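Shown next, in structure tokens, is the structure this report addresses.
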Amino acid sequence: MQIETKPYGSIEISDRQIVTLKKGLFGFDGFHRFALLDSEQPPFYWFQSLDDKEIAFVLVSPYVFRPDYNPGIPSSDIEALGAASEEDEDLLVFVIVTIPEEQTRMTANLQGPVVINRKSRVGRQIISNDERWQVRHLIMEEMKHVGDTAC
């Protein structure tokens, strides 16, 4: 399928890259179909709206910089995603990244992760009730702590 994207212009994608969010994303609830695209800068991904090429989000797995991350997915969301449990291997967890002009200050929204069932390609943005997870976590600061614990 040919799509128009904000980061890459016109590209070809496969059907398995398409994700449906019945409720959309918070603040973007009118947009329900997205394509999950590899970024030219791993470990990031693009989450491109198929409804409006100007709507695209940068995603990353929170486990890259917070190996201890546990979003605490509510059972109603697990059920809506068609999963057996929060540990279901078909669930992929991403967080939305905000990249300001000073890129070292980029943040990740750990309070509102995007969870995708890779089998059904259904996704949902959830709200974590865990007080440790905020809307703006400084990724570079978090990465420093990952390096500290790895030594």
Side-chain angles (χ1 to χ4, degrees), residues 1-101 103 105-140 142-143:
M1 162 184 215
Q2 195 78 19
I3 66 167
E4 292 295 322
T5 71
K6 185 174 182 175
Y8 305 122
S10 183
I11 63 168
E12 184 75 25
I13 65 166
S14 75
D15 287 344
R16 50 178 218 273
Q17 289 176 272
I18 298 172
V19 177
T20 302
L21 281 72
K22 292 179 184 171
K23 293 185 174 186
L25 296 171
F26 300 123
F28 295 88
D29 50 344
F31 302 94
H32 303 281
R33 292 175 0 118
F34 290 83
L36 185 61
L37 310 172
D38 288 330
S39 167
E40 292 176 354
Q41 298 171 325
F44 299 101
Y45 297 87
W46 282 100
F47 204 47
Q48 174 67 55
S49 169
L50 297 180
D51 303 311
D52 183 339
K53 75 174 187 175
E54 295 303 314
I55 306 292
F57 300 92
V58 175
L59 301 182
V60 70
S61 167
Y63 307 110
V64 169
F65 59 93
R66 280 307 296 247
D68 63 333
Y69 183 68
N70 180 350
I73 305 170
S75 58
S76 59
D77 289 320
I78 291 170
E79 186 177 313
L81 289 164
S85 71
E86 187 172 357
E87 292 80 30
D88 191 315
E89 64 185 34
D90 289 322
L91 293 184
L92 303 173
V93 178
F94 296 99
V95 292
I96 297 174
V97 176
T98 300
I99 305 173
E101 205 169 299
Q103 293 183 7
R105 306 288 302 161
M106 75 176 129
T107 61
N109 179 353
L110 298 182
Q111 190 177 54
V114 176
V115 184
I116 299 169
N117 182 325
R118 68 174 148 202
K119 245 187 204 169
S120 65
R121 298 188 319 268
V122 171
R124 193 173 184 105
Q125 187 175 22
I126 67 155
I127 295 291
S128 174
N129 292 323
D130 189 323
E131 293 177 9
R132 292 178 297 166
W133 313 133
Q134 303 300 311
V135 175
R136 290 183 187 90
H137 280 262
L138 288 169
I139 294 175
M140 299 310 270
E142 299 280 355
M143 290 295 286

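Just so you know, these numbers come straight off a predicted model, no measurement behind them. Any value given below was found using the heavy atoms of this structure, including those in side chains, with hydrogens, waters and symmetry copies removed.
Between Lys23 and Asp29, every side-chain heavy-atom pair lies at or beyond the 4.5 Å cut-off. With a 4.5 Å cut-off on side-chain heavy atoms, Val95 and Phe65 count as touching. Between Ser39 and Val58, the closest side-chain pair of non-hydrogen atoms is not below 4.5 Å. The shortest side-chain heavy-atom distance between Thr5 and Trp46 does not fall under the 4.5 Å cut-off. A heavy-atom distance below 4.5 Å is found between the side chains of Glu86 and Asn70. Residues Ile126 and Pro113 have side chains in contact (heavy-atom distance under 4.5 Å, counting atoms from C-beta outward).
For His32 (side chain) and Leu21 (main-chain N/O), a donor-acceptor pair under 3.5 Å exists by modelled atom type. For the pair Asn117 (side chain) and Leu81 (backbone), a donor-acceptor distance under 3.5 Å is present. No donor-acceptor pair closer than 3.5 Å links the side chain of Arg136 to the backbone N or O of Thr98. With Ser49 contributing its side chain and Lys53 its backbone, the two residues share no donor-acceptor pair below 3.5 Å. Using a distance-only test at 3.5 Å, with no hydrogens or angles considered, a donor-acceptor pair links the side chain of Arg118 to the main chain of Glu89. Checked by atom type and distance alone, the side chain of Gln125 never pairs as donor or acceptor with a backbone atom of Val114 at under 3.5 Å. Gln48 contributes no side-chain N or O that, together with a main-chain N or O of Ala35, makes up a donor-acceptor pair within less than 3.5 Å.
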Check your understanding: When you look at Tyr69 and Glu142, which way does the side chain to side chain contact (heavy atoms under 4.5 Å, CB included) test go after all the steps?
Key -> CA-CA 11 Å; Tyr69 183 68; Glu142 299 280 355; over 6 Å; no
Exercise for review: Show your working on side chain to side chain contact (heavy atoms under 4.5 Å, CB included) between Met106 and Met140 and close with a plain yes or no.
Suggested key: CA-CA 7 Å; Met106 75 176 129; Met140 299 310 270; 4.3 Å; yes
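More than 12 heavy-atom neighbours from other residues, nucleotides or ligands sit within 6.0 angstrom of CD on Gln2. By the 6.0 Å contact criterion, CD on Glu12 is enclosed, its count of non-hydrogen atoms from other residues, nucleotides or ligands being greater than 12. Heavy atoms of other residues, nucleotides or ligands lying less than 6.0 angstrom from CD of Glu131 number 12 at most. Other residues, nucleotides and ligands contribute over 12 non-hydrogen atoms within 6.0 Å of the CZ atom of Arg132.
Distance check, rounded to the nearest 0.5 Å: CG of Asp38 to OH of Tyr45 gives 6.0 Å. One distance of note links CG of Leu59 with CG of Leu92; it measures 11.0 Å at 0.5 Å rounding. In this structure, CZ in Phe34 is found 7.0 Å from CG in Asp51, a value given to the nearest 0.5 Å. Between the OG1 atom in Thr20 and the CZ atom in Arg33 there is a gap of 7.0 Å [rounded to 0.5 Å].
Checked against the 6.0 Å centroid threshold, Phe94 and Phe47 do not count as a close aromatic pair.
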